[in-house]
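Inspection log for the structure reproduced underneath, given as structure tokens.
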Amino acid sequence: MIDSGVGGLSVLREIHALLPDTTIQYIADTAWCPYGVRSAEEIRDRTSALTELLIKRGAELIVIACNSATIAAIEALRAQFPVPFIGMEPGVKPAAALTKTDTIGVLATELSLKGDKFLHLVSTHARHLRVITQPCPKFVELVEAGTLEGELVESAIIEYTHDMMAASADVLILGCSHYPFLRPALENSLPEHIQLIDTGSAIARRAAKLKPQKTTSPSISILTTGSPEKINSLLPKLTPGLSAECQPLSIS
Ligand code: DGL
């Protein structure tokens, strides 16, 4: 699994819940976080190097647990490597099925929202709807710092959801793997009728369909290009009950 940081752990916890007998190696590319403001080319190069490393370490299925990296790189990665890939995209289709006000809000990174892929997703599933988009860079910073509640989180939520709430959106898409960690805070701050969509469990179901190998001694390794100490201090909050320790990873 690959993400720019700890966000993809929101997907890891879903995959581990469904496939507890599967060994998972997760790379948090913290030295390069955030991905959401980088160029697609940079992300392609970076995720290609990380994929190569995971395959050398025995990975047979790669989950790009990051919407931004999926949008920027998954096609190039599929063309480059002979293993199956699962990527993430904002849940526009389920949101379109749920809205009663014909208005949905999409919270995602700048990179995820600005490309043709996102326009295509909207024109395929939500052409008839009002779609209000909002990049949320502070959400990624807050989650990376382990700040999942409190004043800073609340003011970021008010800032980022203001326009979509004013437009009567009733379904909000958490279109970045970091954001599900703020779900409790979002649920507290937003009116009760607002529905939040994230795609972590759908990714886990897709992974299960590909039937990754079961092992008798499954393990979870978390690697980071940043500070392992920092991630280790966040793990009890982000993935309670999961026994994993973060190790350093250096790539050239
Ligand atoms: N977690 C990532 C995503 O799903 C990227 C966040 C970032 O690094 O900007 O888009």
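Atoms within a ligand are numbered from 1 in the order they appear, just like the ligands themselves. Small disclaimer: the values here were computed from a predicted structure and weren't measured.
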query: Within a radius of less than 6.0 Å around CD of Glu75, do more than 12 heavy atoms belonging to other residues, nucleotides or ligands occur?
result: no
One finds that the ligand 1 atoms under 4.0 Å from a non-hydrogen atom of Gly36 are 7 (C), 8 (O), 9 (O)
Nearest heavy atom to atom 4 (O) of ligand 1, choosing from Val11, Leu9, Asn67, belongs to Asn67
| task | Verify the neighbour count for atom CD of Glu159: are there more than 12 heavy atoms of other residues, nucleotides or ligands below 6.0 Å? | result | yes
Distance col, row Ser123:OG vs His128:NE2, nearest 0.5 angstrom, shows 12.0 Å
Within 4.0 Å of some non-hydrogen atom of Tyr35, the atoms of ligand 1 are 7 (C), 8 (O), 9 (O)
- Any donor and acceptor pair, going by atom type alone, linking the side chain of Arg183 with main-chain N or O of Leu196 inside 3.5 Å? yes
At under 4.0 Å between heavy atoms, what of Leu111 touches ligand 1? The answer is neither
- For residues Thr224 and Thr30, is any side-chain donor paired with an opposing acceptor at under 3.5 Å? yes
Tell me whether Cys66 reaches ligand 1 (any heavy atom closer than 4.0 angstrom to a ligand atom). yes
Within 4.0 Å of some non-hydrogen atom of Thr109, the atoms of ligand 1 are 6 (C), 9 (O), 10 (O)
query = Does atom CD of Glu187 have more than 12 heavy-atom neighbours from other groups under 6.0 Å away?
reply = yes
Between His178 and Glu144, do the side chains contain a donor N or O and an acceptor N or O under 3.5 Å apart? yes
Counting from 1 in the order shown, the ligand 1 atoms closer than 4.0 Å to a non-hydrogen atom of Pro34 are 7 (C), 8 (O), 9 (O)
Atoms of ligand 1 under 4.0 Å from any heavy atom of Ser177, numbered from 1 in the order shown, are 1 (N), 2 (C), 3 (C), 4 (O)
Here the atoms of ligand 1 under 4.0 Å from any heavy atom belonging to Asp3 are 1 (N), 2 (C)
Looking at Ile220, is its backbone amide N or carbonyl O close enough to the side chain of Tyr26 to form a donor-acceptor pair, meaning the two atoms are under 3.5 Å apart? no
Under 4.0 Å from one or more heavy atoms of Ser68, ligand 1 contributes atoms 3 (C), 5 (C), 10 (O)
Counting heavy atoms under 4.0 Å, the part of Ser4 that contacts ligand 1 is side chain
